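Both counts, for ligands and for their atoms, begin at 1 and track the order of listing. Nothing here was measured: the structure is a model prediction, and the numbers come from that model.
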Amino acid sequence: MTEDCTDILICGAGAAGLALAIDLARRGVSFRLVEQRSEPFSGSRGKGIQPRSQEIFEDLGILDRLVAAGGPYPPQREHRDDGSHAESAVMELTDPTPAEPYHMPLMVPQFLTEAIMRDRLIELGHRPEFGCTLTGFEQDAAGVTVQLAGSAGAETLRVRYLVGADGGRSFVRQALDIGFPGKTLGVRAIAADVLLSGLDRAAWHRFNGDSMVRQISFCPLAGTDLFQLQAPIPLDGEADLSVAGLNAMVRDRTGRDDIRIDSVAWASAFTMNARLADRYRVGRVFLVGDAAHVHPPTGGQGLNTSMQDAYNIGWKLAAVLCGAPDALLDSYEEERRPIAAGMLGLATRLLEASGRGEMRRGREVHQLDLGYAESSLALERPARTGGLLAGDRAPDAPVLGAAGQPSRLFTLFAGPHWTLLGRDVADEVSARPGLHIHDIGARGDLVDWDGHVERAYALPPGGRVLIRPDGYVGAIIGAGETAALEAYLAQVGLGVARDHG
Ligand SMILES: Cc1cc2nc3c(=O)[nH]c(=O)nc-3n(C[C@H](O)[C@H](O)[C@H](O)COP(=O)(O)OP(=O)(O)OC[C@H]3O[C@@H](n4cnc5c(N)ncnc54)[C@H](O)[C@@H]3O)c2cc1C
């Protein structure tokens, strides 16, 4: 049996497992990331990167690479039976602001997103172990003993925590006997990545948009020569995903014989469900991503929500491994399960709307307004009645360093640390590992640029805002409330001040 040297086993190297691995790697936490597939997933399925996820990818150091690999969503072109067509924007267009630098969903096929995430992981000194399957586990008070099966045979490993990032059919969820209630939505569809001729790449082509039976659409996949074909299919029977089978469907639904599929790179037939795990944590074992929630692809929420689950639990696992109270890990389910419940409702409503031919998407899918206001980790002292609240996403803002160089709050937040931002604070919070302290004001190290910080945060003189490592407001503290701040810092594992010696 392997010695007790790995802190965390991540089961599954999809978007959720990779996001968690990147976060743990940059924190120096020891982990292994195992993936039962012998090679990376090759499909485009979760292709929309929402604005909130773009902010997170910026923090993880790969947003520019994703933008370079993908592109914006093209307009949708609704083809009519008489051969005419109408074009409209898929996304409501709004301009970015200093507080919200990314406003447009970005299109990157999932296989490219995951490849960029794997490269980032390699830069940080880790890689997924392909062809390695979690086959069993048992937990006790001190850790989890896991069974793995790989090319080298069976292996037993002892870890402190196990994270099931193993997708909708999650072995971990089933082994824990966690309920997965919800409903089957009575819709079955195919998604396929195809090379085709007969359609230009300037639009997302849709035919029979108002029929849930005869709809078919072709989305040019940014960064590739492929189109993603999507179409509902009957609930029962074999789905013919061959070139010939798809060409027959295309002819039948479009009435055109000039659209010809030449090859199929990936194809899948799937039945749509909306299901949510009863629990996200059992002792030392956690569920993230599709293992905890499945839903229709409408609205492009799945990959985004899965990746953000991982982003929520990563810093908490690292903190508890470094001595923070175990209760911090309970806040993972407390914060993320309500988000998934809301997302299930949104994706289901959008599925119903798409059956009526309504495809336009707005701010409701951007995930910028999601937060953790009800969390036990949200502290206001005194309570605030409006504006930015504890638990909200921390806004960006341009600032100047006292030395005169321009910067942004997001640049200061980037990395695994917490950030304490004060306005003209008089008393001191002592320096400690994992906390970056900045002050805006007459003798501060930062200057508010054009009042953007003031407008976004509305801190009173002497006030402080504490930003969590995942970019949410942990606490907003008024002048003279340093004791409340210290108690909060102890709760999240930052309570021990460094010996200044
Ligand atoms: C057909 C289809 C179309 C979709 N379209 C969209 C879309 O348009 N937009 C969107 O946002 N989302 C979409 N989604 C959802 C999106 O792809 C998922 O939400 C996302 O992939 C979830 O990531 P994950 O890492 O949680 O799970 P997954 O991507 O499923 O990854 C789980 C991984 O765990 C591995 N694994 C499982 N069991 C074990 C084990 N015992 N040991 C080791 N490894 C294991 C699996 O092989 C897999 O690689 C779609 C999903 C499907 C199926």
Checklist entry - Which heavy atom of the protein is the closest neighbour of atom 39 (C) of ligand 1, given with residue, atom name and distance? => result Q36 OE1, 3.4 Å
Item to check | Nearest-contact summary for atom 26 (O) of ligand 1 - protein heavy atom, Å | outcome: D290 N, 2.9 Å
Checklist outcome for this item: Test side chain to side chain contact (heavy atoms under 4.5 Å, CB included), reference Q367, set I56, L346, N304, output is N304
Item to check | Under-4.0 Å salt bridge between D326 and R281 | outcome: yes
Item to check | Nearest protein heavy atom with distance in Å, relative to atom 41 (N) of ligand 1 | outcome: L134 O, 3.1 Å
Checklist outcome for this item: closest protein heavy atom to atom 27 (O) of ligand 1 is G167 CA, 3.7 Å
Checklist entry - So, is the end of the R201 side chain (NZ or CZ) under 6.0 Å from the ring centre of F227 and within 45° of the ring's axis? => result yes
Next on the checklist: Could you identify the single nearest non-hydrogen protein atom to atom 2 (C) of ligand 1 and state the distance to 0.1 Å?
Outcome noted: R45 CB, 3.7 Å
Checklist entry - Do F218 and H205 have ring centroids that are under 6.0 Å from one another? => result no
Checklist entry - Among all protein non-hydrogen atoms, which one is nearest to atom 12 (N) of ligand 1, and what is the separation to 0.1 Å? => result G46 CA, 3.5 Å
Next on the checklist: Taking the six-membered ring of F180 as reference, does the cationic atom of R173 (NZ for Lys, CZ for Arg) lie under 6.0 Å from its centre and within 45° of its axis?
Outcome noted: yes
Next on the checklist: Looking at non-hydrogen atoms alone, which of A19, A16, C11 comes nearest to atom 25 (O) of ligand 1?
Outcome noted: A16
Checklist outcome for this item: Among Q110, E35, Q50, the residue with a heavy atom nearest to atom 35 (C) of ligand 1 is E35
Checklist entry - For R77, which residues count as a salt bridge (charged side-chain N to carboxylate O under 4.0 Å, His left out) partner, sequence neighbours excluded? => result E87, D200
